[in-house]
Undergrad: 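To start, I am sharing the structure in question, which I have written as structure tokens.
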Amino acid sequence: RYVELKHGRISQLAFLGQITTRAGYTLPGDIDLSGTSFESIPNGYAAISAIPATGIIQLIAFIGFLEGWVMKDVTGEAEFAGDFRNGYIDFGWDSFDEETKLSKRAIELN
């Protein structure tokens, strides 16, 4: 179940990234040393061919790093499937009662 939750969260971030860039918000500066600006990268699938090869390699390496070492229960302290806090980040989760926690986890799935 945790893989389903993790991929759902990644999809949500990808969707927000798509909306943000289509609205015209981009990072300032250049994506590489040759002067390719973030603004010159198109939206959607066209961006893949516009990003320099070294940038694609960096993206794949970063995703691999997150998959292998960050987005998993490292400490064994997970309360439920998909709990990747690892005893570090709380954001108020521990202050909710059990019914609210169950409701919020069900909302994430649906």
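Reckoned from all heavy atoms, side chains included, excluding hydrogens, waters and symmetry mates.
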Undergrad: Looking at K104, I want to see if its NZ is surrounded by more than 12 non-hydrogen atoms of other residues, nucleotides or ligands under 6.0 Å.
TA: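 Open.
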Undergrad: Taking all heavy atoms of S40 and all of S37, pick out the closest pair and write down the distance.
TA: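 Closest heavy-atom pair between S40 and S37: OG-O, 2.7 Å.
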Undergrad: Going hydrophobic residue to hydrophobic residue with side-chain gaps under 4.5 angstrom, can you get from L5 over to V70?
TA: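 L5 and V70: separate clusters.
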Undergrad: If you look at every heavy atom in K101 and W93, which pair is closest and at what distance?
TA: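 Looking at all heavy atoms of both residues, the closest pair is CE-O, 3.2 Å.
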Undergrad: Give a yes or no on whether F62 atom CZ has more than 12 heavy-atom contacts from other residues, nucleotides or ligands under 6.0 Å away.
TA: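 Check fails, neighbour count at 12 or below.
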Undergrad: Measure the shortest side-chain to side-chain distance between T26 and I41 over non-hydrogen atoms and say whether it is less than 4.5 angstrom.
TA: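 With C-beta onward as the side chain, the pair stays apart.
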Undergrad: Spell out, yes or no, whether I56 and F38 are grouped together once hydrophobic residues are joined by side-chain heavy atoms under 4.5 Å, including indirect joins.
TA: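 Yes; F38 is reachable from I56 via cluster members.
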Undergrad: Closer than 3.5 angstrom, by distance alone: can the side chain of D30 be matched with the main-chain N or O of L33 as a donor-acceptor pair?
TA: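 Not a single qualifying donor-acceptor pair exists.
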Undergrad: Does E39, at its CD atom, have more than 12 non-hydrogen atoms belonging to other residues, nucleotides or ligands within less than 6.0 Å?
TA: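 Not more than 12 within 6.0 Å, no.
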Undergrad: Give the C-alpha distance, both sets of side-chain angles, the deciding distance and a yes or no for side chain to side chain contact (heavy atoms under 4.5 Å, CB included) between D94 and E79.
TA: CA-CA 10 Å; D94 292 333; E79 292 181 30; 3.3 Å; yes
Undergrad: Please say whether more than 12 non-hydrogen atoms of neighbouring residues, nucleotides or ligands are located less than 6.0 Å from CG in L16.
TA: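 Above 12, so yes.
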Undergrad: Nearest 0.5 Å, what's the CD-CD1 distance between E67 and I10?
TA: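 If we round to the nearest 0.5 Å, E67:CD and I10:CD1 are 6.5 Å apart.
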Undergrad: Looking only at non-hydrogen atoms, find the nearest pair between A47 and P42 and report the distance.
TA: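 Nearest heavy atoms, A47 then P42: CB-O, 3.2 Å.
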Undergrad: Just by modelled atom types, is the H7 backbone N or O under 3.5 Å from a matching donor or acceptor in the S11 side chain?
TA: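 Between the backbone of H7 and the side chain of S11 there is a qualifying donor-acceptor contact (under 3.5 Å).
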Undergrad: Taking all non-hydrogen atoms of both residues, which atom of D83 and which atom of E77 are closest, and how far apart?
TA: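 Nearest heavy atoms, D83 then E77: OD2-O, 4.2 Å.
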Undergrad: Hey, quick one: are L27 and L59 part of the same hydrophobic cluster, counting side-chain heavy atoms closer than 4.5 Å, chains of contacts allowed?
TA: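 Shared cluster, yes.
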Undergrad: Measuring from L109:CG to E4:CD, what's the distance to the nearest 0.5 Å?
TA: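 It comes to 6.0 Å.
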Undergrad: So if you build clusters from Ile, Leu, Val, Met, Phe, Trp, Tyr with side-chain heavy-atom gaps below 4.5 Å, do I60 and I31 land together?
TA: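 Yes; tracing contacts between hydrophobic side chains, which count when under 4.5 Å, links both residues.
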Undergrad: Same cluster or not: L102 versus F96, using hydrophobic residues (I, L, V, M, F, W, Y) connected whenever any side-chain heavy atoms lie under 4.5 Å apart?
TA: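 Unlinked, L102 and F96 end up in two clusters.
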Undergrad: Just verifying a value: how many Å separate N43 CG and T21 OG1, rounded to the nearest 0.5 Å?
TA: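 Output value for this atom pair is 4.5 Å.
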